[in-house]
Amino acid sequence: MSITQQIKVAAQSAIFSLYQKTIAVDDILINETKPEFEGDFTLVTFSFTKLIGKKPDDIAQELGVELLKNDSLFSSFNVIKGFLNLSIQVSVYHEFLNNTWQNVQFGNHAHNGKKVMVEYSSPNTNKPLHFGHLRNIFLGYAMCELLKATGHEVIKANLINDRGIHICKSMIAWQLFANGATPESIGIKGDHLVGDYYVMFNDVFKSQVEDIINTKGITKEEAEKEASILLQAQEMLRKWEAGDADTMALWKRMNDWVYEGFYKSYARMGVDFDKMYYESSTYLLGRDIVLKGLEKGVLFKKEDGSVWIDLTDEGLDQKLLLRGDGTSVYMTQDIGTATLKYADFKMDSSVYVIGDEQNYHMQVLKLILQKLGEPCADGIYHLSYGMVELPTGRMKSREGTVVDADDMMDEMIAIAQKNTEELGKVDGFNEAELLKLYQTLGLGALKFYLLRVDPKKKMIFNPQESIDFHGFTAPFVQFTHARITSILSKAGEIGEANTPNYTLTSVEKNCLKLLEIYPSVLLQAAKEYNPAMVSNYVYQVAKEYNSFLVDHSILKADSEAAKHVRLKLSQLTKQVIAHGLKLLGIDSPDRM
RNA sequence: GGUCUCGUAGCUCAGUUGGAUAGAGCAACAGCCUUCUAAGCUGUAGGUCUUUGGUUCGAAUCCAAACGGGAUCACCA
């Protein structure tokens, strides 16, 4: 049980024995005592005044006396303006340290029997990944790791959007202009090659539209419908849906190029998936469920034969689920995929890592599934994140105004190399170790940068001001880890020793207090689907430790007891940093 | 226009179910490497928490309105 939890329980029973009133443990507020006051934790008494019928100061005073009877937990107290400041027995900290410093599982929670699927990445196969996708991927991966650490069984899923008009656009442009170029023949990654032709399609399309406007004098909207390259793409989509052999072969060939490129990128990012879903094999699903819903009267049909759901009671609109000709729309397909996922895994909940532009869509999806009585419905959670924007506005693959994911990773690794070489601290590294280090630092900085912000907030990234390696960054935290590793290796075996009489300094105590809450930080972060809480926490731990280190000698400590406690504290800090960073997909180097 | 969302230091962000004098990093300025890794540490400066009203012992936090950004409201995906 955590220290704050112990305090709450003690306070609850103290209140009962003093006033014969029962207060829920969760209604007792425990804060860390502000540094300007004496004490470790503060109990706020204002909320009890009504129930107990006394002044805050009196309650705090009486409660303090009562709590102090439990002398294994508390050592002293003081009362200031209704705040009861409690000091904790040093033995509590020693006990915590002794119990955890060798526990590599510290932070992990026992299995809770819950199974959860997290769908993330979910790329389109017509263009390479860009910076915005990185936020999705890192967020999804971190969320999976966080859920695992807090006791869930996790299925990492990826739904690949591998069909549709956008794919045909790349295909037709390649067919028209590539002269048979392949990733091998011109030596670029397959996803980039395909993406280049997607951009080319749009360039050609634009100029065709302009030509038509100039020659025929019609509106832009009309001209867009006449552009020959778009007509060709649409024709290709029809052929694809009809299963035309040549079209399917080209589609498969180009998609394979893209997959090869994606897998390379995923491998470098260090992310993986347990289950791939392909839209080409799920896009027809959902129709039967919709028809069943029609029979049940949950849905209704309009005169033209189209099928709708009426969500006006929920304050939303009517939503189309089947066109007049009986074909599916995007929503239909998502209904089908949701039920397919559930049929495959019977998970308790299903997390969708998708940008906030789809908030409405996801809200509607969940509502429809609930109305249809599908068992997967209630478990759906949309982990919505804000877009990554450039100072010039949103990134658009179509217009080529993106920061490419592969380029970004290359650049970060190059910066890591440059910084490392300038610092000149890598004597004795061989070539392979150096490459590994640059990758660990560069990708770490990138991941941390994207994961340190609350997911639901949009973020602006300025490529000109490249990502920093100082301050609130992964390299800073990684540096702390490397420092500790170095100290510990010089210290040798820590061994067993009893140090109950060692008086902790205030900085040491702060470090321990911070480390002690790690498991509850993870629980909170998982509950709120917010890996940024882990980033912030890990940074705090590193910061606090560095402050400690600068004025506490470890190897040359004043006493053996001090040395012993500080080594254990260092070991535990190292573990928590490595564990926390790992949840974010970031490695911790032993040297840097 | 409807719905949702955001507004905290020059910039990027924290701020745990309402709690004491609102915190970090970057940028700026001033210091600290004969001693465990200076990718570090310490200090200075920087704030009407967009505004107004409300709820109460107490509001950056909850409610309402206004202002300002963003998203969305397709027989596109």
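So that the names make sense, note that chain A is the first sequence line, chain B the second, and so on, each numbered from 1.
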* To do: Would you check if the distance from the ring center of A:Tyr283 to the ring center of A:Trp240 is below 6.0 Å?
  => yes
* Is B:C63 in the syn range, within 90° of 0, or in the anti range? -> anti
* To do: With the side chain of A:Ile487 defined as its heavy atoms from C-beta on, choose the nearest nucleotide among B:A14, B:A39, B:U37.
  => B:U37
* Residues A:Glu422 and A:Lys418 bridged, charged N to O under 4.0 Å -> yes
* What is the minimum heavy-atom distance between A:Lys81 and A:Asp57, and which atoms define it? -> C-OD1, 3.3 Å
* Quick one: sort the A:Phe83 and A:Phe46 rings into parallel, tilted or perpendicular, breaks at 30° and 60°. => perpendicular
* Donor on one side chain, acceptor on other, A:Glu528 and A:Gln524, under 3.5 Å -> yes
* To do: For A:Asp162, enumerate each residue passing the side-chain hydrogen bond (donor to acceptor under 3.5 Å, both in side chains) test, keeping only those at least two apart in sequence or located in another chain.
  => A:Ser280
* Asked: Parallel under 30°, tilted from 30 to 60°, perpendicular over 60°: which one fits the rings of A:Tyr529 and A:Tyr381?
  -> parallel
* Asked: Hey, what's the ring geometry for A:Tyr545 with A:Phe548, parallel, tilted or perpendicular (30° and 60° as the breaks)?
  -> tilted
* Asked: How far does the P atom of B:G31 sit from the matching atom of B:A71, given to the nearest Å?
  -> 47 Å
* Can you find a side chain N or O atom of A:Lys458 that sits less than 4.0 Å from OP1 or OP2 on B:A71? -> no
* Give a yes or no on whether a salt bridge exists between A:Glu241 and A:Arg238, defined as a side-chain N under 4.0 angstrom from a carboxylate O. => no
* To do: Output all residues satisfying side-chain contact (heavy atoms from CB on, under 4.5 Å) with A:Leu231, sequence neighbours left out; order by chain, then residue number.
  => A:Gln234
* Asked: Tell me, for nucleotides 2-12 of chain B in 5' to 3' order, what letter each nucleotide earns: B for a base near a protein heavy atom under 4.0 Å, S for only sugar-phosphate near one, - for neither?
  -> ----SS----S
Can you name the atoms? Protein N/O to nucleotides 40-42 of chain B N/O, anything below 3.5 Å, with the distance.
unit_1 : atom_1 : unit_2   : atom_2 : d
B:G40  : OP1    : A:Gly471 : N      : 3.1
B:G40  : OP2    : A:His470 : ND1    : 2.8
B:G40  : O2'    : A:Arg483 : NH1    : 3.1
B:C41  : OP1    : A:Lys543 : NZ     : 3.3
B:U42  : OP1    : A:Ser547 : OG     : 3.3

* On a whole-Å scale, what distance lies between the C1' atoms belonging to B:G53 and B:U12? -> 32 Å
Quick test: give all pairs of protein nitrogen or oxygen and nucleotides 31-35 of chain B nitrogen or oxygen below 3.5 Å, distance rounded to 0.1 Å.
none

* To do: Give each stem of RNA chain B as a range with a range, requiring at least 3 consecutive Watson-Crick or G-U wobble pairs whose two distances are under 3.5 Å.
  => B:1-7 with B:67-73, B:10-13 with B:23-26, B:28-32 with B:40-44, B:50-54 with B:62-66
* In whole Å, what separates the C1' atom of B:G15 from that of B:A74? -> 40 Å
* In terms of the angle between their ring planes, are A:Phe461 and A:Phe131 parallel, tilted or perpendicular, with boundaries placed at 30° and 60°? -> parallel
* Whole-Å P distance, B:U50 and B:A22 -> 15 Å
* A:Glu433 and A:Arg591 ion-paired at < 4.0 Å -> no
* To the nearest Å, give me how far apart CZ (A:Phe41) and C1' (B:U16) are. => 14 Å
